[in-house]
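Below, chains carry the letters A, B, ... as their sequence lines are ordered, and counting in each starts from 1. All values below were derived from every heavy atom in this structure, side-chain atoms included, with hydrogens, water molecules and symmetry-related copies excluded.
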Protein chains: 2
Amino acid sequence: MKSVGKTGFLTGLPELLILRLLQDQEMYGYEIVQAIAQRSGGVVTPGEAVVYPLLRTLERDGDLKSRPEPADGRTRVYYALTSKGVRRLFDQTDQWTRVAKAIQQALR
Amino acid sequence: MKSVGKTGFLTGLPELLILRLLQDQEMYGYEIVQAIAQRSGGVVTPGEAVVYPLLRTLERDGDLKSRPEPADGRTRVYYALTSKGVRRLFDQTDQWTRVAKAIQQALR
DNA sequence: TCTCTATACCTTGGTATTCAAGGTATTATA
DNA sequence: TATAATACCTTGAATACCAAGGTATAGAGA
């Protein structure tokens, strides 16, 4: 009874979108939350309860690195892709493309 | 604290694929399991632990109706789409299309 | 002044979805 | 005789996700 526990075939979309956003520029969490909703046309809208923990997980895995920066008395935590993160982005993107093609095919 | 509990943006892919298969012809569970893997090019391969319960859920919801048929001493349970199920198929397909477009867009 | 909104971080509790790994029973194949 | 294929099924666990909260600062409006 090993049980690796994957939840879905294309879960991890929030992750993919985060990685993609960070490819263009470093961003802080709150900004990312807004940006995803906007960039996905409101179709995919992971909230803060999804994004904040995900960012920390990605950093723990070495895909992101963070840098706190004070702004207006608040503190922003900026995240940037590492080279590992870039690879992960490419992998995830490929994965997505494969799945999307397969489904497209299957639905015809 | 309502908590409706959706797991993903594109979970429910097995469901969509099942509905799509049944649009063409009625099928029994075991057959569906094989067919999905084949039809999706091996990318999406929900096992029996996913498909069997799903079929019963869909039937309970009125999207499918079932018909047992003895074959070779075994018993096959054939499933067919109801008109409600057809509508569900269309809805899910639209949903998928919207998500796929949005992600495509976001990844560019 | 007081309140409300926006920003920016965070957590808790709960649920649906999916998977690995089993189990039963029959028939066909080696 | 054993193994594989067919055909149904379940259990237990992991995970991803969401709703709904909470803290604290700054600015705008009443």
Side-chain angles (χ1 to χ4, degrees), chain A residues 1-19 26-38 40 42-61 66-79 92 95-96 99, chain B residues 1-18 26-38 40 42-61 66-79 92 95 99:
Chain A
M1 248 178 256
K2 200 67 103 22
S3 219
V4 191
K6 271 189 46 187
T7 299
F9 309 96
L10 357 79
T11 35
L13 251 192
E15 181 188 307
L16 173 55
L17 293 173
I18 288 173
L19 293 173
E26 69 172 4
M27 289 195 193
Y28 56 96
Y30 190 83
E31 191 183 13
I32 292 177
V33 173
Q34 325 292 325
I36 292 183
Q38 200 209 338
S40 79
V43 175
V44 181
T45 56
E48 306 181 10
V50 173
V51 171
Y52 287 129
L54 235 180
L55 288 170
R56 289 195 302 267
T57 299
L58 286 169
E59 177 168 30
R60 190 171 356 101
D61 290 352
S66 71
R67 174 179 68 79
E69 181 168 293
D72 271 336
R74 295 168 198 103
T75 299
R76 292 173 175 167
V77 183
Y78 278 87
Y79 288 89
Q92 300 267 102
Q95 168 75 10
W96 161 258
V99 172
Chain B
M1 248 178 256
K2 197 67 103 26
S3 217
V4 191
K6 270 188 45 187
T7 298
F9 308 97
L10 358 82
T11 36
L13 251 192
E15 180 186 306
L16 173 55
L17 293 174
I18 288 173
E26 69 172 3
M27 288 196 195
Y28 56 96
Y30 190 83
E31 192 185 12
I32 292 177
V33 173
Q34 324 294 325
I36 292 181
Q38 200 209 338
S40 80
V43 175
V44 182
T45 55
E48 306 181 9
V50 172
V51 171
Y52 288 129
L54 233 179
L55 287 170
R56 289 194 302 267
T57 300
L58 286 169
E59 178 167 31
R60 191 169 356 101
D61 291 354
S66 71
R67 173 178 70 78
E69 182 168 292
D72 269 337
R74 295 167 199 103
T75 299
R76 293 174 175 167
V77 183
Y78 278 86
Y79 288 89
Q92 300 267 101
Q95 168 76 10
V99 171

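Atom CD in A/Glu48 sits roughly 8 Å away from atom C1' in C/dA8 (whole-Å rounding). Atom CG of B/Leu13 is separated from atom P of D/dA16 by 17 Å (rounded to the nearest Å). Protein atom CG of B/Leu16 is 14 Å distant from nucleotide atom P of C/dT17, rounded to whole Å. Following rounding to the nearest Å, B/Arg67 (CZ) and D/dA7 (C1') show an atom-to-atom distance of 15 Å.
The one candidate from B/Glu31, B/Glu59, B/Met27 that meets the side chain to side chain contact (heavy atoms under 4.5 Å, CB included) condition with B/Tyr79 is B/Glu59.
Heavy-atom distances under 4.0 Å link DNA chain D to A/Val50 of residues 50-59 of chain A, given in residue order. Of the residues in residues 26-38 of chain A, none has a non-hydrogen atom less than 4.0 angstrom from any atom of DNA chain D.
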Restricting to nitrogen or oxygen on both sides, can you table the protein-nucleotides 27-30 of chain C pairs closer than 3.5 Å?
unit_1 : atom_1 : unit_2  : atom_2 : d
C/dT27 : O4'    : B/Arg74 : NH2    : 3.4

query: Can you check side chain to side chain contact (heavy atoms under 4.5 Å, CB included) on A/Leu16 and A/Leu13, steps first, answer last?
result: CA-CA 5 Å; A/Leu16 173 55; A/Leu13 251 192; 4.0 Å; yes
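Using a 4.5 Å heavy-atom threshold, the side chains of A/Ile36 and A/Thr45 count as separate. Side-chain contact check for B/Leu54 versus B/Pro14: some heavy-atom pair is nearer than 4.5 Å.
Scanning both residues, A/Thr75 and A/Pro68, for their nearest heavy atoms gives CG2-CB, 4.2 Å. Taking both residues in full, the closest heavy atoms of B/Gly12 and B/Gln92 are given as O-NE2, 4.0 Å, listed atom of the first, atom of the second, then distance. Scanning both residues, B/Gly29 and B/Val51, for their nearest heavy atoms gives O-CG1, 4.2 Å.
The CZ atom of A/Arg74 sits 8.0 Å away from atom CZ of A/Arg76, with the distance rounded to the nearest 0.5 Å. Remark: A/Ile32 CD1 to A/Leu17 CG distance equals 11.0 Å, nearest 0.5 Å. Taken to the nearest 0.5 Å, the CD atom of A/Glu15 stands 5.0 Å off from the CG atom of A/Leu58. Here the straight-line distance linking atom CD of A/Gln34 with atom OH of A/Tyr28 works out to 8.0 Å at 0.5 Å rounding.
Comparing A/Thr45 and B/Tyr79 against DNA chain D, the residue whose closest nucleotide sits nearer the 5' end is B/Tyr79.
With distances taken from any side-chain atom of B/Arg76 to the nucleotides D/dC17, C/dA21, D/dT6, the minimum falls on D/dT6. Set against D/dA16, C/dT12, C/dC9, the side chain of A/Val77 has C/dC9 as its closest nucleotide. The side chain of A/Ala49 approaches D/dC18 more closely than any other nucleotide in the set D/dC18, D/dC17, C/dT18. For B/Pro14, the listed nucleotide lying nearest its side chain is C/dT18; candidates were D/dC18, D/dC9, C/dT18.
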